[in-house]
Every structure is written in structure tokens, then in C-alpha cells.
Student: 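One structure coming up, written as C-alpha cells, with questions to follow.
Letters A, B, ... mirror the listed sequences (proteins, then strands); counts begin at 1. Because only heavy atoms are used, hydrogens play no part in the values below, and waters and symmetry mates are left out as well, while side chains stay in.
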Amino acid sequence: MLIIRKYIIYTLIIIVIAAIFTYVSIPIYKNIVTVRNDIWTSIPSAGDPKRSIYTRAYVSTHGLFALSKPESVYFSSEIDIEEAALDGSSCYVLSGTEIQSASIIPRWWSLTVYNNDGYLVESTEKQYSYNSENIIYNSNGEFEIYLAGKPSNNISNWLKTPSEELFSVILRVYQPGEEFFSNLSRVDLPIIKKVSC
Amino acid sequence: MIKGYFKKSLILVILGFVLHLFFINYFHVGMLWVFDRATGANESVNTVLLRTDTANSDTRGLKRPSSDIMYSICTYDVKYKPLIITSSIPDSYWSISFYSDNTDNFVTLNDHDIENNYLKIYLAGVNSEPKKVSNGTVVVSPTDTGYALVRMFVGNGEDLQNLKDIQETLNCIEYNDS
């Protein structure tokens with residue numbers, strides 16, 4: 001009986017140690033598997049069969065079926081340019097120019113807002129994202145998306161954010177070309193700036 | 001005495017680390033379990049499981065879905081027989097991606113890779129390669145089971161009905177070539 005109790009205690013200790021390793025490793029492996037580009041992070045080839053077990057686990061938590069290079073790359077942002085968490089109780093402007101590297105323009109791209117659970121934000125307008133074909137550009141060739149609970153009078157593109165909840169933005173870029181993949185940490189990407197509501 | 005405790009502690013830490021690696025290595029299994037139950041993938045194989053409209057705020061099962069894509073999914077088991085996957089292809093972005101049972105994306109073909117706007121793929125397992133192949137591409141899955149995921153970009157939504165019609169042409173059926 002004593003021996004059984006002893007092994008149960010050992011097993012529990014092993015489980016606790018495994019849980020501690022997992023908890024500690026999450027922020028560490030996030031930094032290892034992702035590439036940072038200003039406010040954005042990406043995984044160079046998220047669905048690649050040669051990826052590490054940590055990359056596979058990290059991708060699993062963010063969306064199971066990721067594509068690999070050269071088909072697509074995903075950028076994720078949970079912060080604004082002041083490095084503050086994106087918060088549904090605030091308002092933001094996401095602004096950028098055509099997403100490209102050198103002269104190669106990707107096949108298409110899209111920007112999507114997700115709530116804290118990783119699902120699309122409830123919206124009566126059913127506008128959950130903008131892509132390279134339906135976004136409205138300004139006369140100077142740039143685009144802006146207003147990220148807030150209510151639309152803006154000045155900015156045509158609006159994505160509803162979840163009220164009183166943290167949120168994230170994902171930029172998907174399809175078939176961006178080899179050079180884009182070689183410069184994931186340097187390509188020009190949109191910025192997200194907090195503004196008064 | 002101290003040496004004994006140190007040795008025991010070290011063994012427990014090593015076993016804890018091994019358990020941690022095991023957990024990380026099989027983390028996707030839990031996520032797939034949730035996905036399979038949400039979509040019915042656990043009950044349906046070698047057929048088109050889903051033909052979805054673009055994702056909305058009610059979409060569950062898959063985290064961070066794209067609302068710019070219409071998805072279709074075929075779950076497959078090619079242990080004994082290959083599968084034939086056929087579909088019409090639109091003039092806009094379209095791709096089919098194959099995922100092994102651990103969610104690794106081992107092959108992706110897009111509309112630029114496919115001739116005459118018509119897809120014909122023989123999807124086989126390592127031990128179930130087709131004996132007769134006509135006018136198609138052979139894709140060999142590294143695992144007996146997995147997922148084939150079709151993505152269609154909806155763009156500005158003007159061609160939505162045509163894309164829905166094309167989505168209906170997707171077929172995944174077992175291939176009997178013996």
C-alpha cells in the first residue's frame with residue numbers, strides 16, 4: 001500500500017514538472033518559432049512537414065490547417081505601435097500601402113479581426129475582413145481600416161472589434177513570392193495606431 | 001542520503017521533461033479531436049465532409065477561419081484503396097492542400113498548377129498506389145489518414161454564385177482499379 005502511494009506521488013510530481021515545463025516553454029517557443037516584424041509576428045512556413053514539434057503545437061492552438069511556403073504566410077498582431085494590447089474598448093486605425101516585396105505583388109491578401117477566443121467578431125454588417133479586392137483605397141494609394149465598436153465618419157473601411165475584450169488581427173498573404181519569404185522581418189506591413197473614439 | 005535525493009529528483013525532472021515533450025508532440029491530437037467532433041469528421045471518411053460558405057461569427061470547430069475563403073474538406077483513409085479527387089477550377093485563386101494525420105501540409109496545388117481548369121488527383125497511401133492512372137496527378141500521403149482542404153478566394157464577392165457552383169463539383173471517391 002505504501003509502495004502504491006509512493007508511486008502515485010511520484011507520478012503526480014512528474015505530471016506537475018511536465019506542466020511547469022509546458023507553461024514555461026510557451027512564451028519561449030513562441031519567440032523561437034516566430035519572426036517579428038514591428039507589431040506583427042509570423043511563422044516562416046507554418047504548415048511545413050519539417051517544422052519542429054513546438055511549431056506544430058503552436059500552430060495547432062492558432063488554427064489547425066496552416067499552409068506552407070510558397071503558398072501563404074500569416075502575420076498576427078495583438079498589439080498597436082505603442083506595444084499596448086489591442087483592446088475592444090479603444091479605437092484604432094490600421095493603415096498601409098499595397099503589401100508587396102520589391103516589385104512582386106502577392107496574389108491576394110486579407111486582414112481579419114478575431115476576438116480573444118480566436119473567432120470572428122459578431123457583426124450585423126457581416127464584414128469580418130477586408131482583402132486586396134474589396135478594400136477601398138485612399139486617393140494617395142494607401143488604405144485605412146477603422147478598428148472599433150462603431151463605424152467612423154471619415155474612414156470607409158471599418159471592422160468591428162469585440163467590446164471590452166482583447167482582440168487580434170491576422171494578415172494573410174497568398175503567393176507573395178520568394179523574396180517576400182526571405183524578408184519576413186523587413187517587408188513593409190500595415191501599422192495599427194490607437195486613436196480617440 | 002543527499003546524493004540519493006539528488007538522483008531521485010533528477011530522474012523525476014527528466015521524466016517530467018519527457019512527458020512534456022510527449023504532450024507537445026501530440027498536442028495537435030487534442031485540437032483535431034475538437035475539430036473532428038465539431039465537423040463530424042470522425043464519422044465521415046473518403047467523401048466531401050464540408051462545403052462551407054465564407055466563415056462568419058457563428059463558425060466554430062476551426063480557430064481563426066478566413067472570411068475571404070470558401071472551404072471544402074475531404075477526410076481520407078487511403079490505407080487499402082486510393083481516392084480520386086475531381087473538381088472544376090475557377091479563374092480566381094483556388095487551392096487544394098493535403099494534410100497528414102498530424103496536420104503537416106505535405107502538398108498544395110493551386111489553380112496555376114492545374115491545366116484546363118479541371119482537377120483530377122489520385123490520392124494514395126504508401127501501400128495503396130493506383131495501378132492504372134489516366135489524366136491525373138498522383139499524390140502519395142505519408143500517412144494512411146488525413147485531410148484534403150480546398151480553399152476558394154471570394155475576392156469582392158461578385159462571383160459568389162459561380163464559386164458555389166464550382167464548389168459543388170468537388171468529389172472525393174474511392175478508386176477501385178483492381
Side-chain angles (χ1 to χ4, degrees), chain A residues 10-11 13-22 25 29 45-54 56-68 70-72 74 76 107-110 112 114-115 117-123 126-134 168 170 172 174-175, chain B residues 8-9 11-32 34-35 54-69 71 73 92-93 95 97 99-100 102-110 112 142 147 149 151 153-158:
Chain A
Y10 283 157
T11 306
I13 290 171
I14 290 167
I15 291 169
V16 168
I17 291 169
I20 291 169
F21 270 121
T22 306
S25 68
Y29 73 70
S45 194
D48 195 328
K50 290 177 186 162
R51 62 194 169 161
S52 69
I53 59 169
Y54 286 102
R56 188 185 295 125
Y58 181 74
V59 170
S60 295
T61 61
H62 281 67
L64 277 169
F65 302 112
L67 286 165
S68 318
E71 197 65 18
S72 178
Y74 312 94
S76 171
R107 183 87 183 272
W108 63 276
W109 55 260
S110 72
T112 314
Y114 295 95
N115 66 19
D117 293 328
Y119 297 115
L120 296 164
V121 180
E122 201 174 332
S123 154
K126 308 286 180 198
Q127 184 76 47
Y128 306 104
S129 63
Y130 282 99
N131 64 56
S132 45
E133 286 188 14
N134 67 8
S168 61
I170 287 194
R172 292 173 167 83
Y174 277 73
Q175 296 178 351
Chain B
K8 259 185 202 169
S9 304
I11 290 168
L12 289 176
V13 169
I14 290 168
L15 288 175
F17 184 69
V18 170
L19 185 64
H20 153 76
L21 289 179
F22 181 84
F23 175 70
I24 291 293
N25 195 35
Y26 290 97
F27 188 80
H28 64 275
V29 174
M31 306 308 281
L32 276 176
V34 173
F35 171 78
T54 51
N56 59 44
S57 54
D58 294 327
T59 303
R60 291 295 182 271
L62 193 63
K63 285 201 171 187
R64 294 173 183 80
S66 171
S67 56
D68 299 283
I69 291 173
Y71 296 98
I73 302 175
S92 51
Y93 178 85
S95 68
S97 308
Y99 296 87
S100 55
N102 65 357
T103 72
D104 285 351
N105 172 213
F106 61 92
V107 168
T108 294
L109 297 170
N110 61 55
H112 286 173
Y147 304 80
L149 181 59
R151 292 173 167 91
F153 177 50
V154 299
N156 55 21
E158 282 179 0

Student: So among I13(A), I17(A), I14(A), I15(A), which one has a side-chain contact (heavy atoms from CB on, under 4.5 Å) with L15(B)?
Tutor: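 The residue from I13(A), I17(A), I14(A), I15(A) that satisfies side-chain contact (heavy atoms from CB on, under 4.5 Å) with L15(B) turns out to be I14(A).
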Student: Which class fits the ring pair Y147(B) and F65(A): parallel under 30°, tilted 30 to 60°, perpendicular over 60°?
Tutor: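 The arrangement is tilted - the two ring planes meet at 30° to 60°.
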Student: Checking R56(A) against F27(B): charged group under 6.0 Å from the ring centre and within 45 degrees of the axis?
Tutor: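 Judged by the rule (NZ or CZ under 6.0 Å from the ring centre, within 45° of its axis), R56(A) is not positioned above F27(B).
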Student: T59(B), N105(B), N102(B): which one forms the most heavy-atom pairs within less than 4.5 Å of chain A?
Tutor: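 It is N105(B).
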Student: Please flag which part of R151(B) lies under 4.5 Å from any non-hydrogen atom of chain A: side chain, backbone, both or neither.
Tutor: side chain
Student: OH/Y119(A) to CG/N56(B) distance, rounded to the nearest 0.5 angstrom?
Tutor: 13.0 Å
Student: Please flag which part of D58(B) lies under 4.5 Å from any non-hydrogen atom of chain A: side chain, backbone, both or neither.
Tutor: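 Neither; nothing under 4.5 Å.
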Student: Shorter than 4.5 Å, heavy atoms on both sides: which option in T22(A), I20(A), V16(A), N134(A) has the most such pairs with chain B?
Tutor: T22(A)
Student: Please identify, among E122(A), R51(A), K126(A), the residue contributing the most non-hydrogen atom pairs under 4.5 Å to chain B.
Tutor: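 The answer is R51(A).
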Student: Picking from R64(B), M31(B), K63(B), which has the most non-hydrogen pairs under 4.5 angstrom with chain A?
Tutor: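 Heavy-atom pair counts peak at R64(B).
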Student: Which region of Y58(A), side chain (C-beta onward) or backbone (N, CA, C, O), has a non-hydrogen atom less than 4.5 Å from a non-hydrogen atom of chain B, or is it both or neither?
Tutor: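 Neither part; nothing is under 4.5 Å.
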Student: Would you please indicate yes or no on a ring centroid separation below 6.0 angstrom for F153(B) and Y174(A)?
Tutor: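 No, ring centres 6.0 Å or more apart.
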Student: Could you walk me through whether E71(A) and S95(B) pass the side-chain contact (heavy atoms from CB on, under 4.5 Å) test, one step at a time?
Tutor: CA-CA 9 Å; E71(A) 197 65 18; S95(B) 68; 3.9 Å; yes
Student: Determine the minimum heavy-atom distance between S123(A) and S57(B), stating which atoms define it.
Tutor: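 Result for this residue pair: N-OG, 4.5 Å.
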Student: Given a strict heavy-atom distance threshold of 4.5 Å, which part of I170(A) is in contact with chain B: side chain, backbone, both, or neither?
Tutor: side chain
Student: Do F21(A) and V13(B) have side chains that get closer than 4.5 Å, going by heavy atoms?
Tutor: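 F21(A) vs V13(B): side chains touch.
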Student: Which bit of F17(B) is near chain A, if near means a heavy-atom gap under 4.5 Å: side chain, backbone, both or neither?
Tutor: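 When you check distances to chain A, atoms from both the backbone and side chain of F17(B) fall under 4.5 Å.
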Student: If we define contacts as heavy-atom pairs under 4.5 Å, which of L32(B), I11(B), L149(B) has the most with chain A?
Tutor: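 Max contact count across the listed options: L32(B).
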Student: What part of Q175(A) is in contact with chain B, defined as an atom under 4.5 angstrom from a non-hydrogen atom: side chain, backbone, both or neither?
Tutor: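 Contact with chain B: side chain only.
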Student: Y128(A) side chain to S66(B) main-chain N or O, any donor-acceptor pair under 3.5 Å?
Tutor: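 Answer holds: no.
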Student: Report which part of L67(A) has an atom under 4.5 Å of a heavy atom belonging to chain B: side chain, backbone, both, or neither.
Tutor: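 For L67(A), heavy atoms of backbone and side chain both lie under 4.5 Å from chain B.
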Student: Count the heavy-atom pairs under 4.5 Å between each of S100(B), P65(B), A55(B) and chain A, then report the option with the highest count.
Tutor: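 It is P65(B).
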Student: Taking every heavy-atom pair that is under 4.5 Å apart, which of L19(B), I24(B), N156(B) has the most such pairs with chain A?
Tutor: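 Winner by heavy-atom pair count: I24(B).
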Student: Counting heavy-atom pairs under 4.5 Å to chain A, which of D68(B), N25(B), I69(B) comes out on top?
Tutor: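 Sorted descending by pairs with chain A, the first entry is D68(B).
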Student: Checking heavy atoms, do the side chain of F22(B), its backbone, both or neither come under 4.5 Å from chain A?
Tutor: neither
Student: Below 4.5 Å from any heavy atom of chain B, which atoms of T112(A) appear? Answer side chain, backbone, both or neither.
Tutor: side chain
Student: Checking heavy atoms, do the side chain of T61(A), its backbone, both or neither come under 4.5 Å from chain B?
Tutor: both
Student: If I measure from the heavy atoms of chain B, does D117(A) come under 4.5 Å with its side chain, its backbone, both, or neither?
Tutor: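 Only the backbone of D117(A) comes within 4.5 Å of chain B.
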Student: Can you name the nearest heavy-atom pair linking S60(A) to H28(B), along with the distance?
Tutor: OG-CB, 3.2 Å
Student: Counting N and O atoms only, with roles assigned by atom type, does the side chain of Y99(B) sit under 3.5 Å from a partner on the main chain of A66(A), one being a donor and the other an acceptor?
Tutor: yes
